[in-house]
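Working notes, structure below.
Note that the structure is predicted; figures quoted are calculated from it, not measured. Just so it is clear: chains get the letters A, B, ... in the order the sequence lines come, proteins before strands, and each one is counted from 1.
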Protein chains: 2
Amino acid sequence: MSSDQTRNAILAAAERLYADHGFAEVSLRDIVAAAQVNLAAVNYHFGSKDELIAELFISRARITTSERLQELKAAEQKAGGRAPVDAILRALVGPILRGSLSPDPDRSAAARFLIQASIEAVAPIHKIKNREIGHLKKFAAAMQRSLPELDPVEIYWSIHFALAMAHQTIRDRQRLIRLSEGACDVDDVEAIIDRIVDVSVRGLIRSDARVPARRPASV
Amino acid sequence: MSSDQTRNAILAAAERLYADHGFAEVSLRDIVAAAQVNLAAVNYHFGSKDELIAELFISRARITTSERLQELKAAEQKAGGRAPVDAILRALVGPILRGSLSPDPDRSAAARFLIQASIEAVAPIHKIKNREIGHLKKFAAAMQRSLPELDPVEIYWSIHFALAMAHQTIRDRQRLIRLSEGACDVDDVEAIIDRIVDVSVRGLIRSDARVPARRPASV
DNA sequence: GTCTATAGACTGATAGAC
DNA sequence: GTCTATCAGTCTATAGAC
């Protein structure tokens, strides 16, 4: 087996196990067993468990961030500069929601790993999580351009709440299913994105009447 | 030291440490050191680590649930039967938010422990978490009585999102502070409750125009 | 009831053969 | 690069003295 194959097998196994069971429940031995590689290979390729986790987080975060920014850019170009807020919020929550509910298990694991990483306060990630703020500020700036008369504080809260709704929906689908006794469709990703964007926009505009028309709710 | 004193010292220390650092990072040795009791006392009083966690979770969940239901009942009595949805949602998210941001460290630890427990998938809690659904259904029913013509699915999503916003605000204040460079006030509990309730209600009513007047947004 | 001491199992990491 | 073998540290749980 080549070096890259081993490396990638470890990364893929770690990602899936952490996404499914959380960091606390998964040991290096679990990971090497799933990847069908030797225990020593982890330290050889990554140096330590913490460095494995950090590398995994950085690489997956980069993917999601780039998808978000790409969608944001596309929305702004389409609108000729200032994208409407619903399109901006859609670019923010769409990638992670589509990813985690994707039928492709690798794509789903990558997204759910990111959520897990941002929730469980695991030391190696906590130190590098600051970088996440940077790209969120770009979304805040885009929204600010779209709604120049709105208090920026409203925009920050809106981003905060949109991410909260997206993450909770990915992480705790079970509770919603049981609460609604199956009535809530938690599999229709696009409808969920519509819903979260719609709630966020409605919450955002509040008493401000100077905002452009919104994308209609698809309920 | 009496038996009860030891028991309570262990419970209080465990609650605080778990709330501050998560379950993965805290061992029984950390707990007994903070409680200034002997290691064997945990197993003597609780049987095992898992039973300690379960007992802690059950007792703290009971307190929050009872506060919520008490507020709900008060709101319904005040309104003569059907409480307005904003009052119902306020009864849902108010107690946990007031608790976790309370200046009283014990009260804050209790609320943050509950959030931590509902986030980190720790085995002993996962089994008993089902009970939480029961009291949420009472909130769904109250909202249904308040808005009888609304699709119940909307109500379930609304509860789901309101809790998502409350939990994320408690758990990840740091990101919001940094994103907004301190502009968002994350210490004014009542303003946060107003904000979450307001966003939830706006998201809930969507295109439905048959609902009663809402509590004005206090932005 | 409280303590010390320790069992028994697991963890991440590494040395050294191949 | 990959493996075996093993280290040193951690954990929960418990037996037994007091």
What is the distance, to the nearest angstrom, from the [atom1] atom on [X] to the [atom2] atom on [N]?
{"X": "Arg7(B)", "N": "dT2(C)", "atom1": "CZ", "atom2": "C1'", "result": "16 Å"}
{"X": "Leu28(A)", "N": "dT11(C)", "atom1": "CG", "atom2": "C1'", "result": "8 Å"}
{"X": "Asp4(A)", "N": "dT2(D)", "atom1": "CG", "atom2": "P", "result": "10 Å"}
{"X": "Ile10(A)", "N": "dA13(C)", "atom1": "CD1", "atom2": "P", "result": "13 Å"}
{"X": "Arg29(A)", "N": "dC7(D)", "atom1": "CZ", "atom2": "C1'", "result": "11 Å"}
{"X": "Phe23(A)", "N": "dT11(C)", "atom1": "CZ", "atom2": "C1'", "result": "17 Å"}

* Which parts of residues 39-55 of chain A get close to DNA chain D, meaning a heavy atom less than 4.0 angstrom away? -> Ala40(A), Tyr44(A), His45(A)
If only atom types and distance count, is the side chain of [X] paired as donor or acceptor with the main-chain N or O of [Y] below 3.5 Å?
{"X": "Glu76(A)", "Y": "Ala83(A)", "value": "no"}
{"X": "Thr64(A)", "Y": "Ala61(A)", "value": "no"}
{"X": "Arg178(B)", "Y": "Asn130(A)", "value": "no"}

* To do: Look up atom CG in Asp185(A) and atom CD1 in Ile192(A), then write down how far apart they are to the nearest 0.5 Å.
  => 7.0 Å
* To do: Output the distance between atom CG (Leu56(B)) and atom OH (Tyr18(B)), rounded to the nearest 0.5 Å.
  => 8.0 Å
Under a 4.0 Å N-O cut-off, is there an ion pair linking [X] with [Y]?
{"X": "Arg175(A)", "Y": "Glu132(B)", "answer": "yes"}
{"X": "Glu190(B)", "Y": "Arg98(B)", "answer": "yes"}
{"X": "Arg195(A)", "Y": "Glu154(B)", "answer": "yes"}

* To do: For Ser27(A) and for Asn38(A), find the nucleotide of DNA chain C with the closest heavy atom, then tell me which residue's nucleotide is more 5'.
  => Ser27(A)
* Work out which heavy atom in Ser200(A) is nearest to a heavy atom in Met165(A); give both atom names and the distance. => OG-CE, 3.4 Å
* Pairing stems for DNA chain C [at least three consecutive pairs; Watson-Crick or G-U; under 3.5 angstrom] -> C:1-18 with D:1-18
* **dG1(C) phosphate, OP1 or OP2, under 4.0 Å from Thr6(B) side-chain N/O** => no
